[in-house]
Asker: 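Handing you this structure, nothing more for now.
In each ligand, atom 1 is the first atom listed, and ligand 1 is the first ligand listed.
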Amino acid sequence: METKVERSEMLAVMAGIAADCLSCDDFSQIIDPVLASLGEVAGISHTSLFVHEHDGHENFRALLRGEWFNGAHFQDGATLGLTSFDYIHDEVSHWLTALRDGEILHLDKGQLDIELLPLQPLGVQALLLVPLMHGSHCKGFLAFAHREPLDWSEIELDLMKMAAELFCSALGNEQRMLDHQLATAVFEKASEGIMITDDRGKIVSVNPAFTNITGFGLRECLGRTPALLKSGRHDDEFYQRMWQQLQETGAWQGEVWNRRKNGELYPEWLSISVLLDAQGNPHRYIGILSDITSLKRAHAQVEHLAMHDPLTGLPNRRMFMENLEQLIAHARRNGNLLGLMFIDLDGFKLVNDSLGHHVGDRLLQTVAQSLKSQLRTEDLLARMGGDEFVLLINGVDNPDHLAKIANKVLHALQHQDTVAGSRMEIGASIGIALFPEDAKDGDELIRNADMAMYRAKENGKNQYHFYESKLSEEVVRRYVLERELRSALEEEQLEVYYQPQLNIDGSALVGVEALVRWPHPEKGLLPPSEFLPVAMSSGLAYPLFKTVFLQACRFIKLMDSRDIFIPKVAVNIAGVELITNGCCDLIIESLRSFEIDPQRIEFEVTETLLMHSLDDLAEVLERLRDVGIQISIDDFGTGYSSLSRLRELPIDMLKIDKSFVQGIAQESSDEAIVRAIISMANSLQLKVIAEGIETHGQLDFLRDEGCDLIQGFLYAEPMQGGRLAEHIEEARYRLKGEEPE
Ligand code: C2E
Ligand code: MG
Ligand code: MG
């Protein structure tokens, strides 16, 4: 053996190496000097350090971390020329096998010639590879090469092993340092906020991103709990569940609303994990949070786009269907009514084809705008595609509503409009279907409304059509009737018929009852039963009363001028709203201007009307009576007015309902009622008139019971004014105050 190292010298070098390895912060700084001292003390040509890199599979590569050349053997600046090698690729995997077993490898010239070609130009004759063992892992090796064949003593080998161990621990330190540096960099540079608390939930660290997001700096957070971010948006149960899951699984994540230092609320995505100590107890809680405000905003935008029609901004079919299902479920639970209108523009294709798509688009926007203006907040409007819109009316309490709304929509759309410089007529056809009447679910409701829309198109466009079920037809009928009645009233088409009222022996005309008739252009002469209910429910009661009353006044004047004296005209009043001071004013004022003695006017108020506990009813009736107008109670016996109520009111006469009169000689109970009414009237000192007398039997009974006046087909039916004049002349009634001939 050429080079024999003194044991003491070697130990001194080792101690130096150990000191270097333990004290250094940066391992790479000491590699080369350490390799030099090793090589020098061992008196060999070349020392090097190779570190393993694992590719994650079975492959290991060895990377050169440092090398030293003996100046006496090589020129300065010499290098191995081998910075890495791959055990498998370079066909030296048996080296790895040995090294991983912790074996020191001796390679002599013979082996080196075949095995590590790059070393050949260096003229290496002997090579010693000492594994860097960390437990059972081989982290790399120290290589000692010599240009002469070499024998190693046991002591030398032990020392080399020792050196390898020192390198190994220095490498470990280096790794830990790198890991620490990496962790610090991640903590500092992360865009997510990181908050670390101790086992009691007190904050021990936060990173700059946390401060960015929350506004709270490290100092403000230290020692406090994450509750400093609490928004108040989550209930206690929310936090309890979070803690429970953390305890059970060691992790939690979810969306949390927190509050920034400036008070602003924001949504964050929070992941918390628990770090356990050696005993398995929670040591640290690590919360990683990211501000998802913009994410949420973007999400909401995407949602909006997915749910809305970009052209008009209205909800699209998808959103409509989702809402419809919900509203239907709600309506089903609460038993309320939904109305769906399927609206299709008339002639839209023509506009699109002749004026271009941009005009079509503008038109659709205009239409959407007008439809929107018809909406209440609880209604839902959507564009289904093309020129089709749907309008869902929620909580329709009266099906008439829908017809009215449909009409409003048609009216709103049907006007000459200027779109993109072109004047055009916009019209629409509307189909209406009701839930639950017409459909059991949303799809069927839309289908039926769509079908009804086609009917509207067939019928000539620019109109609405109800899906045909009985109820819907009734709605349409009523609505049409209301519309016609309104214009009939405006155009004074209603006519008043008069039916004579006589004294009990039929010899004297005491008055006439004004009874309204509607000469309908298609349906012929309509009796009040056909249109009064519609008038009452659609705000037409007052116009109707006015028409009848004023016609009656004019009729009295006309008859007066022809010297045909009508002692009194009885006008019917229906509807509580009529018995008001406003109506009284109209009456009194008209009588004054017509110069009609108020004594010649009587109002027939139905008994049911009296039952309304209207405070000022008595007052208003009193006012009428004060000027001399008479009040009678119509259809008496059909209501339940109490004797005391009758006594309170200023009444002149009771009118026995014809249903009782017609029961005379047939129903003893009716006879009993008639008898009771007459005696009640006597005791209240009121007059009694019986209506609907058709037979002499009825007349005889009434006369025997003491009824004062009579009205009925037996004497005369209601008739037009002109006919009444003739009738009066023919019948030669004895007028009031005249003695019988
Ligand atoms: P009412 O006030 O009880 O009028 C009497 C009704 O009995 C009239 O029916 C009259 O034609 C009918 N009548 C008269 N004598 C006989 C008879 O012998 N036999 C039968 N079967 N019927 C007879 P009309 O004209 O159809 O009126 C029905 C109801 O409509 C009236 O009942 C009244 O409540 C209401 N009405 C009529 N005109 C007006 C009006 O101008 N204003 C208001 N508010 N209601 C009116
Ligand atoms: Mg009447
Ligand atoms: Mg009556």
Asker: To the nearest 0.5 Å, how far apart are SG in C584 and CG in L621?
Answerer: 7.5 Å

Asker: Side chains of Q711 and K655: do they bring a donor and an acceptor to under 3.5 Å?
Answerer: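 Yes, because at least one side-chain N or O of Q711 sits under 3.5 Å from a partner of the opposite role on K655.
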
Asker: Anything with a heavy atom under 4.0 Å from ligand 1 counts, so go ahead and list those protein residues by chain and number.
Answerer: Q499, E513, L515, V516, R517, P528, L532, V548, N572, A574, E604, D634, D635, K658, Q662, E691, G692, I693, E694, G712, F713, P718

Asker: Is it the case that over 12 heavy atoms from other parts of the model lie below 6.0 angstrom from the NZ atom of K546?
Answerer: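 For K546, atom NZ is not crowded (no more than 12 foreign heavy atoms under 6.0 Å).
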
Asker: Would you mind naming the N, O or S atom of E513 nearest to the Mg ion (ligand 2)?
Answerer: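 Result for E513 and the Mg ion (ligand 2): OE2.
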
Asker: Can you check side chain to side chain contact (heavy atoms under 4.5 Å, CB included) on I728 and I566, steps first, answer last?
Answerer: CA-CA 9 Å; I728 291 174; I566 311 282; 3.4 Å; yes

Asker: Taking the Mg ion (ligand 3) as the centre, count the protein N/O/S atoms lying under 2.8 Å from it.
Answerer: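 Step by step: take the Mg ion (ligand 3), keep protein N, O, S below 2.8 Å, and you get 4.
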
Asker: Dump the intermediate steps for salt bridge (Lys or Arg N to Asp or Glu O under 4.0 Å) on R703 and D700, then the final yes or no.
Answerer: CA-CA 5 Å; R703 186 188 304 113; D700 292 343; 3.2 Å; yes

Asker: Go through the side-chain N and O atoms of D450 and N448 and say whether any donor and acceptor fall under 3.5 Å apart.
Answerer: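 Checked: D450/N448 side chains show no N/O donor-acceptor pair below 3.5 Å.
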
Asker: Main chain of S659, side chain of E691: is a donor-acceptor contact present, judged purely on distance under 3.5 Å?
Answerer: no

Asker: Mind checking whether F549 and F545 have parallel, tilted or perpendicular rings, split at 30° and 60°?
Answerer: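 Aromatic pair F549/F545 classed parallel.
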
Asker: If you measure from the Lys or Arg side-chain nitrogens to the Asp or Glu carboxylate oxygens, is any gap between E490 and R486 under 4.0 Å?
Answerer: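 Judged by the 4.0 Å cut-off on N to carboxylate O distance, E490 and R486 do not form a salt bridge.
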
Asker: Mind checking whether W518 and F531 have parallel, tilted or perpendicular rings, split at 30° and 60°?
Answerer: perpendicular

